[in-house]
Amino acid sequence: MAQSVGIKDVARAAGVSVGTVSNVINRPDTVASETRARVLSAIDRLGYVRSESARQLRAGRSRIMGLLVLDMGNPFFVDVARGAERAARDAGLGVMVCNSAQNSGEEAEYLSLFAEQRVRGVLLTPADATGRNIDAFRRHNIPFVLVDRVAEGATECSVSVDDVAGGALAVRHLVDAGHRCIAYVSGPPGLNQVRDRRTGALHALAEAGLGPDRLRELPTERLDVAAGRDAGARLLGLADRPTAVFCANDLLALGVLQAMYAAGVNVPDDLAIVGYDDIEFAAAAAVPLTSVRQPAVTMGALAAELLLEETEADSATRPHEHRRVVLQPELVVRRSSLPGR
């Protein structure tokens, strides 16, 4: 493997000091034109590229923001990344996007990578339910903002959606349509979002005078289409099958919809389905999917703006105050939950 060309190589080739090469790169007006031309010729001949990361480390000011999400295969997190990237770009920063794949071990590795790279800050949707990864990352004194998760303490900012309200919206809609036994395809039980959406679903049932036994939970190990198909197969095998299903995200709902289609079950006449996130594919499904919309792009942008505020704050003159921003969800009703006409 060829060795990279360093500033010392350029200085040697041009017959000048390292300081002169640095001045040509950073303060060209301070260098005589003949010397500047000789240095630029050496740079071009050797193919020297300035190490931006090294320069940033010397200045103590990285121009990179880290973003670690649960699943980049989920269009919801793609939209979060779009919002974060837009806000970062407006501030002259770039975004390093990483995917924990809902795995706490991979999350820990990426957080270590961010610490090694001394990124400006991190936007994080936690995969580790124990909080150990976050506790370890705090030791590096790199600011971070939780995304799609409410901060439990006062040591960081967070941007999230009221998932209890979102779960209530979904199940209240199904109850109003006449359903009295509802399945909840929930995803990994360790995720706060999954638990909060279940809490909201139970609240909606209680409002209607229905007990918690009317919610039949079908947990899955992942929040993807394949897990949804598996949950749909289990749903079909229930002796007393619910007439409606609420899914913790749209990918699960699309998997359930595929399972019903393959089994000849009519949606929504035989089974109503409601998802969560309102990704682009929800409206484009064979049976357009009712879903609880989360403002994903806005979440990403707000989280990046909070992180920028914190990194620009001066503890002496402009101390940063950590904030919890909680956005409200919206129910988008489509064919998958409407009774037959």
Could you tell me whether the side chain of [X] and the main chain of [Y] form a donor-acceptor pair under 3.5 Å?
| X | Y | value |
| --- | --- | --- |
| S158 | A151 | yes |
| S112 | A108 | yes |
| D250 | D278 | yes |
| R229 | A259 | no |
| R293 | P329 | no |
| S41 | A37 | no |
| S336 | T290 | yes |
| R334 | P288 | no |
| D277 | N249 | no |
| R335 | L338 | yes |

Taking side chain as C-beta onward, heavy atoms only, is [X] less than 4.5 Å from [Y]?
| X | Y | value |
| --- | --- | --- |
| L70 | F77 | yes |
| M65 | V122 | no |
| S160 | L327 | no |
| R241 | V265 | yes |
| L124 | E107 | yes |
| V185 | P219 | no |
| V39 | V31 | no |
| R86 | V297 | yes |

I need the minimum non-hydrogen distance between [X] and [Y], along with the two atoms involved.
| X | Y | value |
| --- | --- | --- |
| T220 | A231 | CG2-CB, 4.0 Å |
| A248 | V194 | CB-CG2, 4.4 Å |
| S104 | A127 | N-CB, 4.3 Å |
| L46 | D9 | CD1-O, 3.7 Å |
| G187 | L223 | CA-CD2, 3.8 Å |
| R195 | G190 | NH1-O, 3.0 Å |

Greater than 12 external heavy atoms within 6.0 Å of [X]'s [atom1]:
| X | atom1 | answer |
| --- | --- | --- |
| R27 | CZ | yes |
| E221 | CD | no |
| Q328 | CD | yes |
| R180 | CZ | yes |

To the nearest 0.5 Å, how far apart are [atom1] in [X] and [atom2] in [Y]?
| X | Y | atom1 | atom2 | value |
| --- | --- | --- | --- | --- |
| R197 | D163 | CZ | CG | 4.0 Å |
| L191 | D196 | CG | CG | 10.5 Å |
| T125 | N74 | OG1 | CG | 10.5 Å |
| N133 | L68 | CG | CG | 9.0 Å |
| L113 | E106 | CG | CD | 12.5 Å |
| R198 | S186 | CZ | OG | 8.0 Å |

Exercise for review: Indicate whether any N or O donor in one side chain lies under 3.5 Å from an N or O acceptor in the other, for H173 and S337.
Suggested key: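 Result is yes, a qualifying pair exists.
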Treat each ILVMFWY residue as a node, draw an edge where side-chain heavy atoms are under 4.5 Å apart, and state whether [X] and [Y] are in one component.
| X | Y | value |
| --- | --- | --- |
| V333 | L174 | yes |
| M299 | V150 | no |
| V332 | V256 | no |
| V164 | V292 | no |
| L289 | F281 | yes |

Ion pair [X]/[Y], N-O distance below 4.0 Å:
| X | Y | result |
| --- | --- | --- |
| R323 | E310 | no |
| R222 | D230 | no |
| R132 | D135 | no |

Exercise for review: Just do the salt bridge (charged side-chain N to carboxylate O under 4.0 Å, His left out) check on R120 and E312 with the steps written out, would you?
Suggested key: CA-CA 10 Å; R120 176 76 65 94; E312 296 293 338; 3.6 Å; yes
Point to revise | Aromatic plane relationship, F246 with Y184 - under 30° parallel, 30 to 60° tilted, over 60° perpendicular | key: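 Because their plane-to-plane angle is under 30°, the rings of Y184 and F246 count as parallel.
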Exercise for review: Evaluate the side chain to side chain contact (heavy atoms under 4.5 Å, CB included) criterion for residues V69 and V147: first the C-alpha distance (whole Å), next the side-chain angles of each, then the deciding distance (0.1 Å), finally the verdict.
Suggested key: CA-CA 8 Å; V69 300; V147 184; over 6 Å; no
Check your understanding: Step by step, would you call V175 with I182 a side chain to side chain contact (heavy atoms under 4.5 Å, CB included)?
Key -> CA-CA 9 Å; V175 169; I182 299 168; 4.1 Å; yes
Check your understanding: Going through the distances and angles, do R138 and F144 end up as a side chain to side chain contact (heavy atoms under 4.5 Å, CB included)?
Key -> CA-CA 9 Å; R138 282 195 180 96; F144 65 92; 3.9 Å; yes
Check your understanding: Does the pair M260 and L236 meet the rule for a side chain to side chain contact (heavy atoms under 4.5 Å, CB included), with working shown?
Key -> CA-CA 8 Å; M260 296 304 110; L236 289 168; 3.5 Å; yes
